[in-house]
Amino acid sequence: MMSSVEKVKILVVGDSGVGKTSLVQLICHNEPTSNPGWTIGCSVEVKLHEYKAGTPAEKTYFLELWDVGGSTSHTNSRSIFYNPVHGVILVHDQTNRKSHQNLRKWLAEVLNKDNMKLLGNGYEFDPEQFAGSQVPILVIGTKLDLAESIREKGVSRSSSIAEECGADEINLDCQQVKSLAPGSTNAVKLSRFFDKGHFSPTLDRRRFGKNSHVD
């Protein structure tokens, strides 16, 4: 019965142009997007996920992937999309080091969604603050095909926000379906992240009834 299937809300955030829309299309529809438009506000895609597939604990629930527009002009208004939060996918462009550095600001923005007007653009992510939130995090680097051709030898991963949060990290090409092929390392990490979202401490377990909808 669809009415008994639970849903989990996953935020997909990162700078404009890093490939969030293409990523969501690949995850939810298993197909690439040749010419994605700019996201204004937020776009929502839905995917069915099998929790602990193939085990006695297996169950099905809806994943809502909220692709949040990255324009800096909407910083103070997009907090309306951040509640409740059951998981966060931080997306950066591997050919753009600044987009990776900005992931700390994106996570800080999500964690401080109730105080956006007070934070300002200079607010930085505090690892100690995250330690108390227990929100599942996944870091995804896009445009792997381009990054491999212009890789900078001096790029260091030691300060990666993925390491600071104890999160998994995936690097992929959103134009290649094989990037998330079943059984691949990337697909396993993604499924594991979605499983964590089901039992996130902030989980608001609303039901998908026949009158439910996504605005």
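The side-chain hydrogen bond (donor to acceptor under 3.5 Å, both in side chains) contacts involving residues 13-27 comprise Asp15-Asn102, Asp15-Trp106, Thr21-Thr39, Thr21-Asp67, Gln25-Glu31, where partners must be two or more places apart or lie in separate chains. Evaluation of the side-chain hydrogen bond (donor to acceptor under 3.5 Å, both in side chains) test over residues 173-187, restricted to residues two or more places apart or in two chains, returns none. Applying the salt bridge (charged side-chain N to carboxylate O under 4.0 Å, His left out) rule to pairs touching residues 32-50 yields nothing, sequence neighbours excluded.
Put simply, the side chain of Phe62 does not reach to within 4.5 Å of the side chain of Glu6, judged on heavy atoms. A heavy-atom distance below 4.5 Å is found between the side chains of Val8 and Tyr61. You'll find the side chain of Val139 reaches within 4.5 Å of the side chain of His92, heavy atoms only. The closest side-chain heavy-atom distance from Phe193 to Asp195 is not below 4.5 Å. In this structure, Leu107 and Cys165 have side chains that are in contact, with non-hydrogen atoms separated by less than 4.5 Å. You'll find the side chain of Ser79 stays beyond 4.5 Å of the side chain of Glu109, heavy atoms only. Looking at Ile140 and Leu90, their side chains never come closer than 4.5 Å, going by heavy atoms from C-beta outward. Within the 4.5 Å cutoff, side-chain heavy atoms of Leu11 are placed close to those of Tyr82.
Counting all heavy atoms, side chain and backbone alike, Pro32 lies closest to Cys174 at CB-O, 3.8 Å. Closest heavy-atom contact between Ile170 and Leu190: CD1-N, 4.0 Å. Between Gly183 and Val188, the closest heavy-atom pair is O-CG2, 4.2 Å. Between Leu144 and Asn171, the shortest heavy-atom distance links the atoms CD2-O, 3.8 Å. Taking all atoms of both residues into account, the shortest heavy-atom contact from Lys9 to Phe81 is NZ-O, 2.6 Å.
With sequence neighbours excluded, the residues satisfying side chain to side chain contact (heavy atoms under 4.5 Å, CB included) with Asp93 are Val18, Thr95, Asn96, Ser99, Thr142, Lys143.
Considering SG of Cys28 and CD of Glu64, their distance stands at 10.5 Å, rounded to 0.5 Å. Once rounded to the nearest 0.5 Å, the distance linking CG of Leu65 with CG of Leu23 reads 8.0 Å. For the atom pair Asp145 CG and Gln94 CD, the distance stands at 9.0 Å (nearest 0.5 Å). Atom CZ of residue Arg78 and atom CH2 of residue Trp66 lie 15.0 Å apart, to the nearest 0.5 angstrom.
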Leu180 vs Ile27, test: side-chain contact (heavy atoms from CB on, under 4.5 Å). Steps then yes/no. CA-CA 8 Å; Leu180 293 176; Ile27 292 174; 3.8 Å; yes

Criterion side-chain contact (heavy atoms from CB on, under 4.5 Å) on Val177 and Asn30, from CA distance to verdict: CA-CA 6 Å; Val177 174; Asn30 196 36; 3.2 Å; yes

Working note: Ile10 + Val88, criterion side-chain contact (heavy atoms from CB on, under 4.5 Å); need CA distance, chi angles, decisive distance, verdict. CA-CA 6 Å; Ile10 305 294; Val88 181; over 6 Å; no

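Looking at Lys189, its side chain does come within 3.5 Å of a backbone N or O of Glu169 through a donor-acceptor pair.
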